[in-house]
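So the structure is just underneath, and the comments pick up after that.
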Amino acid sequence: MCHWYILIFCVCVYQLIEKLHEKWSPVKKKPYPAMYSSVFGGIILDPAMMVIPIDDHMVHRGHGVFDTGVILDGYLYELDAHLDRFLRSASKARITLPFPRSTLRSILVQLTAASQCKEGTLRYWLSAGPGNFLLSPAKCPTSAFYAVVIADVVSQCKNGVKVITSTIPMKAPQFATMKNVNYLPNVLSIMEAEDKGAYASIWVDDDGFIAEGPNVNVAFITNDKELILPSFDKILSGCTAKRLLELAPKLVKQGRLKSVKTANLTVMEAKGAAEMMYIGSTLPILPIIMWDEQPIGDGKVGDLTMALSDLLWHDMVAGPNTHRICVPY
């Protein structure tokens, strides 16, 4: 009788694996060439096996944080900046690390190498871990670390987009300043924009100041040629936005910009800007030419926006080794 149970179990497992593979069998180029799971204890190359436990608290309680980075020409851009933010988010979410920072970093580099992906994104998550369906993570054996490489085209954005002011309430600063997996407001915000024929949206905080986009920072160039980004005290401090603040003074030295700073901006001040843009890891800069059906500046992609885009792009493809990590494929 025992042998029959074993045989039935093996058949069921085989059928389950076959079912998982059905989704990927017609796909010629797999979009996810590699994943790491601390639950499995290694790197997974079969996309059908790239799963996480349903009792993981990140799944059913949203108790997890994440971050992302760009792979370009075989280099990881701004890995350390993103990893540092990842650890700050974990601390705010009260999730303990399963490994030291150096081990997490090594896993991410090794995963990228195993993927053989030279262009795309690297996304990674830290969860309170699997173990039960309770609200408290106290009885979870350990936290869990997941990462996945996504093959994708990374290029400069040269066409402008339209945006709207979001009516979806933005997150409270305690949660907005950490990159956690609770993205329902972000999802609803971008869906609202898409319903209105726009690319994405802009959040305005309770004090009437410009905050951010659904998953990007926003920046403005005033008519006096000042580059202004909203202050980071109530929003996520974007790694690419912070890098732009370091690079943009080059345009000040050239006399093209008057100044570079972070500040509070009202909606009226922002809509009166000469140029406007989104800033994010995978963009890295996306020009915005219309907001709530009102043109920004002359309604065309601005020269200074593209100059800033060129600065960031050059940093991504040929910047210093302190910001670009060569992947040992």
Do the non-hydrogen side-chain atoms of [X] and [Y] ever get within less than 4.5 Å of each other?
{"X": "E78", "Y": "T240", "result": "no"}
{"X": "P33", "Y": "Q116", "result": "no"}
{"X": "L311", "Y": "K250", "result": "yes"}
{"X": "K158", "Y": "V301", "result": "no"}
{"X": "M290", "Y": "V163", "result": "no"}
{"X": "H57", "Y": "C140", "result": "yes"}

State plainly whether one hydrophobic cluster holds both Y77 and I279, where clusters connect Ile, Leu, Val, Met, Phe, Trp and Tyr through side-chain heavy atoms under 4.5 angstrom apart.
->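 Yes, one cluster joins them.
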Do the ring planes of Y32 and W24 sit parallel (below 30°), tilted (30 to 60°) or perpendicular (above 60°)?
-> perpendicular
Can we say R61 and D56 salt-bridge, meaning some charged N sits less than 4.0 Å from an Asp/Glu carboxylate O?
-> no
Between atom [atom1] of [X] and atom [atom2] of [Y], what is the distance when rounded to the nearest 0.5 Å?
{"X": "M170", "Y": "I202", "atom1": "CE", "atom2": "CD1", "value": "11.0 Å"}
{"X": "L87", "Y": "H82", "atom1": "CG", "atom2": "NE2", "value": "13.0 Å"}
{"X": "D205", "Y": "I235", "atom1": "CG", "atom2": "CD1", "value": "9.0 Å"}
{"X": "H314", "Y": "S309", "atom1": "NE2", "atom2": "OG", "value": "13.0 Å"}
{"X": "E212", "Y": "Y278", "atom1": "CD", "atom2": "OH", "value": "10.0 Å"}
{"X": "T167", "Y": "E192", "atom1": "OG1", "atom2": "CD", "value": "3.5 Å"}

Can you name the one residue among R85, R88, K179 that meets side chain to side chain donor-acceptor pair (under 3.5 Å) with D67?
-> R85
List the atom of [X], the atom of [Y], and the distance in Å for their closest heavy-atom pair.
{"X": "P214", "Y": "S201", "result": "CD-O, 3.3 Å"}
{"X": "P130", "Y": "D55", "result": "CB-OD1, 3.3 Å"}
{"X": "L97", "Y": "S143", "result": "C-OG, 3.8 Å"}
{"X": "I168", "Y": "W203", "result": "O-NE1, 2.6 Å"}
{"X": "T305", "Y": "M277", "result": "OG1-CE, 3.6 Å"}
{"X": "I210", "Y": "A270", "result": "CG1-CB, 3.6 Å"}

Verify the distance criterion only: is there a donor paired with an acceptor across the side chains of D46 and H21 at less than 3.5 Å?
->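 Per modelled atom types, D46 and H21 side chains form a pair under 3.5 Å.
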Flag for T68-S281: side-chain donor and acceptor within less than 3.5 Å | no
Does [X] reach the main-chain N or O of [Y] with its side chain, forming a donor-acceptor pair under 3.5 Å?
{"X": "D292", "Y": "T165", "value": "yes"}
{"X": "N217", "Y": "L236", "value": "yes"}
{"X": "K171", "Y": "N182", "value": "yes"}

Is it possible for you to check whether R324 lies under 6.0 Å from the centre of the six-membered ring of Y75, through NZ or CZ, and within 45° of that ring's axis?
->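 R324 over Y75 ring: yes.
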Greater than 12 external heavy atoms within 6.0 Å of D310's CG |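 Above 12, so yes.
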Apply the side chain to side chain contact (heavy atoms under 4.5 Å, CB included) test between I71 and each candidate in I150, L76, V154; give the one that qualifies.
->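 Exactly one candidate clears the test, L76.
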Which of F66, F86, Y36 passes ring-ring contact (aromatic ring centres under 6.0 Å, His included) with Y124? Answer is F86
